[in-house]
Amino acid sequence: MDFLWTCHDGTFAGAQRKEVRDLVASIRGDRIARELGQAEGLEHCFLIVEGDWGWSAAGESSRCRGFQRAQFDGILISIQVEHGWKVLHSTSLADTA
């Protein structure tokens, strides 16, 4: 987790930042599964996806060769539904801050 905090009700929350290329590397290297597992015990978890994918009309990312929009959508659905995380998007690290 990149950020951890205590909520006013005493529960714990965490946020994981992922720049577009880092997210794809995490997915391809299966690091994302480990990172999702590290959230055990947190009541609220957030994934912040930073950057522009540059999707083509065919649904391929110009930033991450061989990565399709359908893959991205599937991963996000899994993270939200199966793991209960909330997903946010930002244009850059400065935007996240």
Side-chain angles (χ1 to χ4, degrees):
M1 284 292 156
D2 291 312
F3 306 101
L4 292 170
W5 63 93
T6 305
C7 301
H8 63 85
D9 63 357
T11 59
F12 295 96
Q16 179 73 44
R17 289 179 42 251
K18 290 287 184 191
E19 191 275 331
V20 168
R21 289 185 183 128
D22 185 39
L23 178 59
V24 172
S26 294
I27 293 165
R28 289 179 174 161
D30 211 26
R31 209 174 0 131
I32 194 77
R34 179 177 44 84
E35 292 167 338
L36 291 168
Q38 291 174 344
E40 297 272 333
L42 297 178
E43 185 68 25
H44 309 283
C45 299
F46 301 88
L47 172 64
I48 304 167
V49 181
E50 296 174 346
D52 177 17
W53 288 92
W55 300 116
S56 71
E60 185 167 333
S61 173
S62 63
R63 301 268 324 255
C64 301
R65 188 178 174 112
F67 197 75
Q68 300 290 321
R69 178 72 189 252
Q71 291 173 287
F72 176 65
D73 291 343
I75 301 275
L76 291 190
I77 290 168
S78 174
I79 288 171
Q80 293 174 87
V81 174
E82 293 178 26
H83 299 280
W85 287 46
K86 290 86 176 166
V87 178
L88 305 166
H89 300 269
S90 73
T91 59
S92 64
L93 175 59
D95 185 33
T96 298

TODO: Only counting residues at least two apart or in another chain, list the ones meeting side-chain hydrogen bond (donor to acceptor under 3.5 Å, both in side chains) with D52.
DONE: none
Open item on the list: Restricting to side-chain contact (heavy atoms from CB on, under 4.5 Å), what partner residues turn up for S92, sequence neighbours left out?
Closed with: A94, D95
Task: With Q71 via side-chain hydrogen bond (donor to acceptor under 3.5 Å, both in side chains) - residues at least two apart - done: none
Task: Linked hydrophobic residues, L93 as query - side chain contacts closer than 4.5 Å - done: none
Open item on the list: If I take atom CG from residue L47 and atom CE from residue M1, how far apart are they, to the nearest 0.5 angstrom?
Closed with: 9.0 Å
Task: Non-neighbouring partners of R69 that pass salt bridge (charged side-chain N to carboxylate O under 4.0 Å, His left out), sequence neighbours left out - done: D73
Open item on the list: S61: which residues meet the side-chain hydrogen bond (donor to acceptor under 3.5 Å, both in side chains) condition with it, sequence neighbours left out?
Closed with: none
Task: Nearest heavy-atom neighbours spanning V24 and C64 - done: CG2-SG, 3.7 Å
Open item on the list: Can you list everything that forms a salt bridge (charged side-chain N to carboxylate O under 4.0 Å, His left out) with R21? Sequence neighbours excluded, please.
Closed with: none
Task: Pairs flagged by ring pair (Phe, Tyr, Trp, His ring centres under 6.0 Å) wherever residues 54-75 is involved - sequence neighbours left out - done: W53-W55, W53-F67, W53-F72, W55-F72
TODO: Report the residues that fulfil salt bridge (charged side-chain N to carboxylate O under 4.0 Å, His left out) with E60, sequence neighbours left out, ordered by chain and then residue number.
DONE: none
Task: Check: S62 side chain, G54 main-chain N or O, donor-acceptor pair, under 3.5 Å - done: yes
Using atom types as modelled, flag every donor-acceptor pair under 3.5 Å from a side chain in residues 77-88 to any protein atom, sequence neighbours excluded.
{"from": "Q80", "atom 1": "NE2", "to": "L76", "atom 2": "O", "distance (Å)": "3.0"}

Task: Pairwise ring pair (Phe, Tyr, Trp, His ring centres under 6.0 Å) hits with a residue in residues 2-49, at least two apart - done: none
Ignoring hydrogens and angles, write down the donor-acceptor pairs under 3.5 Å from the side chains of residues 32-42, residues two or more places apart or on other chains.
{"from": "E35", "atom 1": "OE1", "to": "K18", "atom 2": "NZ", "distance (Å)": "2.9"}
{"from": "E35", "atom 1": "OE2", "to": "K18", "atom 2": "NZ", "distance (Å)": "3.0"}

